[in-house]
Amino acid sequence: MKKFSKLHHQIFSITTALAFIIIVIISVSIASLLYTQGIDNAESVLRNKNRSVTALIEGYVAPLRKAVKYSGSPESGVDHTHYREQGTKEEILSLFEILQKTIPNIHYIFSGYEDGSLLINHYTPPADYNAVIRPWYQAAIESSPRISDGVPYQDINSKEWLVSFGKTLLDTNMNVIGVISIDAGMDAIVEALAVKDEKYPTIYNFVMDTEGKILIHPDEALPDTVNKKIISHIPKAINTSGSLSYDDEDQQKLAHFNRIDELGWIVVTEVNFADIRHPIIDTIIATVLMIVIGTLLTTWLMSYILSSHLILPLRKLQQRVQEITEGKDELGKYVFPNNEIGKISEAIEKLTEKALVQMNIELKDKNAQLSTISHTDQLTSIANRRKMMEVLQTEVSRYQSTHQPFSVLMFDIDHFKRVNDSHGHEMGDQVLIHLAQIVEATIRNTDTLGRWGGEEFVIVCPNTDKHMALNMAEKVFSAIHTHDFPLQINVTVSLGLSEFTNEHSLESVLVEIDRKMYRAKQLGRNQIQA
């Protein structure tokens, strides 16, 4: 009974250990997938909200801009060159009245002329009023012949948000004779910007100009301030949109932006990254907990069943082998089941010393082969990640004993997914093989090149300081740039390098070079970050 309990305990321990390994592998995979999906979902929410607000703004201002363009064109039936004549003034004011009734969002529509006069319904300007020096007039002059960018402002009396658009009026010789301008309410846009999200409470929208000056924001204290942190991440290209992340004091932000170039506006939707991370972590914890419980219960049930069906025959087999070894061969005493255990017992009875020796020799050869395979990347025939970790640990130990410098380089093929998508995975494998051969032929015999994973590679350079490592990196770059890859595929890499110092640990130096490599990618790829 004692032996039975021990074997049962061993089966239970082994199956439980395997269960924990499976739990770790599945949990890491599920957590990585859930985290990626959570970030993607958050970016999708930001993108959709941003597009919704952008579409609202564009749809809101489109009729206003058309009204500005129409009222200053010959199609309106009004000739502004005769603005001094009473009949023309009445026609202009009548047109303004019709447009205000047609487009309810218009608060004011008016025109100013080169003599300083102003035409507007239901308002009499002061005696010293000069339209030419007004900001709306100057903005239209600067934008001529285009319609001026939308300039939001708060009404001095009602505090309501308004936006102004203006366009120059030209005579037949294309000389400026005045400006027509429309001021429209922005209540609908302000309300859209202030809409909250139940899932991400800190999500909000705001509008800024191309210099980073905030024009409209749910926080009334922020308009007219400049957000230098976010504007530095937004590209200057026309008609661009995209996602970005940045740090705002102690908060990490995730944002999506859309440029409205005809208005000179950039619409931004952003959220605190903590709002995204917390629900993802809660989901991961709940999912992993279910995996742990389900796997352990299944494993323990299997352990019990295996123990019940295998322990008794195995105990008989153990006694049989022991008796054969001791020469107590009593044929017919034991009857084994007609299964694999019975066949094993027959094989053991026929086993000879020569066969055992031969099997031991073969086993040693196979173990040697497995050792080589376990340290070699099967595609590129260079060291794999496990081997590289052993090399790194050796160099760290040597550094701690002798302070002999060493450096680590990590590089990644730029846009490798495009190669697979455009030419197929077999051609992608050929690119990896070629790259490994090129780099291995470039580095020194004392250096070790390994495939870290996917299209990432690591080079460990013993007795090498940072300056020497940079020279090595440049040689690798040069060799890759001058090599003719299959199908004339243009291959570039982004590389990060670091020299191991007293301040480093194995983990920290790997994190450092990984960050440098991704910094090289963020700065445009095809470069070295030392």
Heavy-atom count check: over 12 atoms from other residues, nucleotides or ligands less than 6.0 Å from [X] [atom1]?
X: Arg525; atom1: CZ; result: yes
X: Gln378; atom1: CD; result: yes
X: His481; atom1: NE2; result: yes
X: Arg444; atom1: CZ; result: yes
X: Lys387; atom1: NZ; result: no

Please report the shortest heavy-atom distance between [X] and [Y], naming the atom on each side.
X: Pro462; Y: Val460; result: CD-O, 3.4 Å
X: Leu409; Y: Cys461; result: CD1-SG, 3.8 Å
X: Val509; Y: Ser498; result: CG2-CB, 4.2 Å
X: Leu497; Y: Leu470; result: CD2-CA, 3.9 Å
X: Ala383; Y: Met388; result: CB-SD, 3.8 Å
X: Ile413; Y: Phe457; result: CD1-CE1, 4.5 Å

Aromatic rings His504 and Phe500: how do their planes relate, parallel, tilted or perpendicular, breaks at 30° and 60°? tilted
Looking at OG1 of Thr380 and CD of Glu440, how far apart are the two atoms once the value is rounded to the nearest 0.5 Å? 8.5 Å
Value for CD1 (Ile513) from CG (Leu495), rounded to nearest 0.5 Å, stands at 9.0 Å
Dump the intermediate steps for side-chain hydrogen bond (donor to acceptor under 3.5 Å, both in side chains) on Glu270 and Tyr204, then the final yes or no. CA-CA 6 Å; Glu270 69 177 19; Tyr204 65 94; 2.4 Å; yes
Test side chain to side chain contact (heavy atoms under 4.5 Å, CB included) on Val476 and Ile480; report intermediate values, then the result. CA-CA 6 Å; Val476 169; Ile480 294 172; 3.8 Å; yes
Verdict with supporting geometry, Asn272 and Tyr200, side-chain hydrogen bond (donor to acceptor under 3.5 Å, both in side chains): CA-CA 8 Å; Asn272 291 346; Tyr200 305 115; over 6 Å; no
Assess whether salt bridge (charged side-chain N to carboxylate O under 4.0 Å, His left out) is satisfied between Arg398 and Glu395, documenting all intermediate values. CA-CA 5 Å; Arg398 181 181 292 116; Glu395 290 302 320; 2.5 Å; yes
Whether Lys213 and Asp209 form a salt bridge (side-chain N of Lys/Arg under 4.0 Å from carboxylate O of Asp/Glu) is what I want to check. no
State, yes or no, whether a side-chain contact exists between Phe406 and Val408 at a heavy-atom distance under 4.5 Å. yes
Could you walk me through whether Arg386 and Glu390 pass the salt bridge (charged side-chain N to carboxylate O under 4.0 Å, His left out) check? CA-CA 7 Å; Arg386 177 186 295 178; Glu390 293 178 2; 5.8 Å; no
Test side-chain hydrogen bond (donor to acceptor under 3.5 Å, both in side chains) on Asp414 and Ser494 and set out the steps. CA-CA 6 Å; Asp414 296 328; Ser494 299; 2.6 Å; yes
